[in-house]
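Shown next, in structure tokens, is the structure this report addresses.
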Number of protein chains: 2
Amino acid sequence: MAAKTQRNGRRADALSKERIVEAAIDILDRDGESALTFRALAARLSTGSGAIYWHIADKNALLVAAADAVISGVVTDRDGYGSPREAIRMIALSVFDAIDAHPWVGTQLAREPWQPAMVHIFESVGTQLQALSIAEEAQFNSASALVSYLLGLATQYAAVMQLVPRETDRSAFLTAIASQWTQHDPAKYPFVHQIAAQLPEHDDREQFLAGIDLFLAGIDAGRST
Amino acid sequence: MAAKTQRNGRRADALSKERIVEAAIDILDRDGESALTFRALAARLSTGSGAIYWHIADKNALLVAAADAVISGVVTDRDGYGSPREAIRMIALSVFDAIDAHPWVGTQLAREPWQPAMVHIFESVGTQLQALSIAEEAQFNSASALVSYLLGLATQYAAVMQLVPRETDRSAFLTAIASQWTQHDPAKYPFVHQIAAQLPEHDDREQFLAGIDLFLAGIDAGRST
DNA sequence: ACCTGAACACCGTTCAAGT
DNA sequence: ACCTGAACACCGTTCAAGT
């Protein structure tokens, strides 16, 4: 089969960073983090594993690019989407939903806090905080806290998702953890015992939003004093 | 050299889960996560790599045990240490300092949110929240939010620590990131530009505590309404 | 300039064989 | 019961050789 030639003189099926990242995302979504190997990636792209290194530095750079591709598509400009507080809630939910759809993104964001995807989120949240009238130093602290919270919950959620992707498994998994928690000595772990009952039924997305609101309430309280 | 025999009939230098975990912590502290291999561990314990599997299931179980060993020693009972709010700040700082001393713990906590070390932290924080008079469901949400924040910031901090352990390197590293941030288009990244100046000088521990206080203020605000 | 694929230097884990 | 260490089935990455 003759290779198609495009106007730019490259073969239509030539490798490129974009095609590699796209294929990587596909593998990650379909079969999880452990399935992404350079051999699997090369096979899917019908090329040699060494070829990938011509377009991308290493596996870490590939994961950074993949996470950024997902987050960039999701964290967009929020100007004119209501109050800053509404906008922050929407940004946070966007990231949450992105990780719900691509659990490996949660893991990847935690790996390098300074990667483009994180800078994107930080900027997004920060711009909205600027709109609230709080001191500059408080803005840095607030943005950092919000992003940390976002990242922390996303990571936990992603960890569970990676292990038990499907809905029914998830509920069973949480029930198993809850019953494991109640094995502990109730005298030593009273809180864990109390919460175990709520664990299998709780809605992660709702709980995530409750945390964001707690933060926003805290920022508000700081403003009025 | 004859093997010493203890009263329990085991050789004094016999392998045990405790000795393995101890050696693992030592390797992780000294040379970082990538240095912990079963071969290195076996060499340090003067045994075969297969022997370790008699005492511990796999590498994941080893990391879980190592993280729990560190956290258990640090997150202790906080009753009578002042107000619940004071106690929560102290617990959070204890975890922060533990991760400062053992960066790999931050990475490990994020890997499995249901591991013993995390349950420990969750219980610790939760007990203090119970002391505040907030609704049961709000307790779950608040504890989850606090622990998520703790985990998120710890993970980020650990990621930087793993890459640049020493103080001077750290400052240089943050300066490099800040100057990389200012390369971005100021029109697209106004907040990141504003914050870049503060990045190299900011105190992580202080910022961490500021986030905790934001949370506590938010919880307080919810109580009074 | 871009791609191939064998080779290198590792991993975690298993398991027959020893004591 | 506990330990040994070779062997297995992988990795990411490199690099001489091709086009």
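These numbers were taken from a predicted model, which means no experiment stands behind them. By convention in this document, chain letters (A, B, ...) are assigned in the order of the sequence lines, proteins followed by strands, and residues within each chain are numbered from 1. Just so it is clear, the values below take in all heavy atoms, side chains as well, and ignore hydrogens, waters and symmetry mates.
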For D:dG18, which nucleotide is its Watson-Crick or G-U wobble mate, given both distances must be under 3.5 Å?
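In the structure as shown, D:dG18 has C:dC2 as its Watson-Crick or wobble partner.
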Across all strands, who's sitting opposite D:dC11 as a Watson-Crick or G-U wobble pair, both distances under 3.5 Å?
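Paired with D:dC11, as far as the under-3.5 Å criterion goes, is no nucleotide at all.
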With sequence neighbours excluded, tell me which residues meet salt bridge (Lys or Arg N to Asp or Glu O under 4.0 Å) with B:E137.
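Checked B:E137 against salt bridge (Lys or Arg N to Asp or Glu O under 4.0 Å); zero matches.
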Quick one: label A:L41 by what it contacts on the DNA or RNA (base, sugar-phosphate, nothing), any heavy atom closer than 4.0 Å.
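Nothing, no heavy atom under 4.0 Å.
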With heavy atoms under 4.0 Å as the rule, sort A:I56 into base, sugar-phosphate or nothing.
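No contact.
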If you assign each of B:I52 and B:R39 to its closest nucleotide in DNA chain D, which residue comes earlier from the 5' end?
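With B:I52 and B:R39 compared, the 5'-side residue is B:I52.
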Residue mapping more 5' on DNA chain D - nearest nucleotide basis, A:A51 or A:S34
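It is A:S34, whose closest nucleotide lies nearer the 5' terminus.
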To the nearest Å, give me how far apart [atom1] ([X]) and [atom2] ([N]) are.
{"X": "B:N60", "N": "C:dT13", "atom1": "CG", "atom2": "C1'", "result": "14 Å"}
{"X": "B:F38", "N": "C:dT13", "atom1": "CZ", "atom2": "P", "result": "6 Å"}
{"X": "A:H55", "N": "C:dC3", "atom1": "NE2", "atom2": "P", "result": "4 Å"}

Would you call A:R111 and B:E33 a salt bridge, taking side-chain N to carboxylate O under 4.0 Å as the test?
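No, this pair does not count.
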Between B:D169 and B:R166, is the closest basic N to carboxylate O distance under 4.0 Å?
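Salt bridge flag = yes for B:D169 with B:R166.
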A:D100/A:R205 under salt bridge (charged side-chain N to carboxylate O under 4.0 Å, His left out): CA gap, chis, key distance, verdict:
CA-CA 9 Å; A:D100 192 39; A:R205 202 166 182 273; over 6 Å; no
At less than 4.0 Å, is any side-chain N or O atom of A:W54 found next to OP1 or OP2 of C:dC3? Yes or no.
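No, no such contact exists.
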